[in-house]
Amino acid sequence: IRFHACDMQLNVDSDAAYLVQPQACSRYAGYFYLGSPQPKHYILNGAVLVTCKTIHSVCASAAEAETAGHFHNAQHAIVIKRILEVMGHKQNPVPLKTDNSTANSFVHDNIK
């Protein structure tokens, strides 16, 4: 684990795997770490929290699984963001990174 000096801004990398569990279930994962709001180059600090859980509802597509993962990771991010603010680290809006362009477009309401 490696930690770098940063501005203590919460960042989240979110991902999901579609239909990889028995009974047509999917999985999501989240990597929560502290970094800078807009780093000059991408620095991945050691994790504050790592989640990996099963989505028990059946998802109709990989984008739906990614969106479900965003939802669950955002719930965790809200709690961590509030804790950091109580500790005196002012937080900007938390960026949730994803590798699925359809889910990203859905979340930002710009599907074409």
Side-chain angles (χ1 to χ4, degrees):
I1 298 175
R2 179 175 260 177
F3 292 95
H4 301 275
C6 67
D7 295 329
M8 301 292 284
Q9 295 295 308
L10 181 62
N11 292 277
V12 181
D13 288 351
S14 181
D15 199 9
Y18 177 59
L19 297 180
V20 295
Q21 293 290 100
Q23 300 178 346
C25 291
S26 301
R27 290 187 73 78
Y28 75 90
Y31 186 85
F32 300 74
Y33 64 97
L34 300 176
S36 298
Q38 294 188 337
K40 295 174 185 158
H41 56 284
Y42 187 71
I43 296 174
L44 191 63
N45 263 332
V48 174
L49 173 69
V50 177
T51 61
C52 185
K53 296 192 177 184
T54 300
I55 302 169
H56 293 287
S57 58
V58 177
C59 297
S61 67
E64 186 177 348
E66 291 276 352
T67 304
H70 275 319
F71 173 77
H72 291 290
N73 285 327
Q75 287 182 318
H76 292 296
I78 290 168
V79 174
I80 297 170
K81 179 180 177 181
R82 287 185 181 160
I83 291 169
L84 289 167
E85 288 173 340
V86 168
M87 291 172 62
H89 301 291
K90 185 177 179 318
Q91 296 293 299
N92 294 331
V94 178
L96 272 90
K97 298 179 197 79
T98 184
D99 60 352
N100 187 297
S101 61
T102 304
N104 190 49
S105 296
F106 175 75
V107 168
H108 291 97
D109 197 26
N110 62 357
I111 291 180
K112 295 180 182 178

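Rounding to the nearest 0.5 angstrom, the gap separating the NZ atom in K90 from the NZ atom in K81 is 8.5 Å. To the nearest 0.5 Å, atoms NZ (K97) and NE2 (H70) are separated by 11.5 Å.
Around atom CD of Q23, no more than 12 heavy atoms belonging to other residues, nucleotides or ligands sit under 6.0 Å away.
For C59, the side chain to side chain contact (heavy atoms under 4.5 Å, CB included) partners are Y18, S26, I55, E64, A65, not counting sequence neighbours.
Side-chain contact between E66 and D99: present, with at least one pair of heavy atoms (C-beta onward) separated by less than 4.5 Å. T51 places a side-chain heavy atom less than 4.5 Å from the side chain of Y28.
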Original post:
Would L34 and L10 count as a side chain to side chain contact (heavy atoms under 4.5 Å, CB included) if you check the C-alpha gap in whole Å, the side-chain angles of each, and the deciding distance to 0.1 Å?
Top reply: CA-CA 5 Å; L34 300 176; L10 181 62; 4.3 Å; yes
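N73 contributes a side-chain N or O that, together with a main-chain N or O of A29, makes up a donor-acceptor pair within less than 3.5 Å. Between the Q9 side chain and the N92 main chain, a donor and an acceptor come within less than 3.5 Å of each other. In this structure, Q91 contributes its side chain and H89 its backbone to a donor-acceptor pair below 3.5 Å.
Chaining together hydrophobic side chains whose heavy atoms lie under 4.5 Å apart leaves F71 on its own. Through chains of ILVMFWY side-chain contacts below 4.5 Å, I83 is grouped with V79, M87.
The shortest heavy-atom contact between T54 and C25 is CG2-CB, 3.9 Å. The shortest non-hydrogen separation linking L96 to A74 is CD2-N, 4.2 Å.
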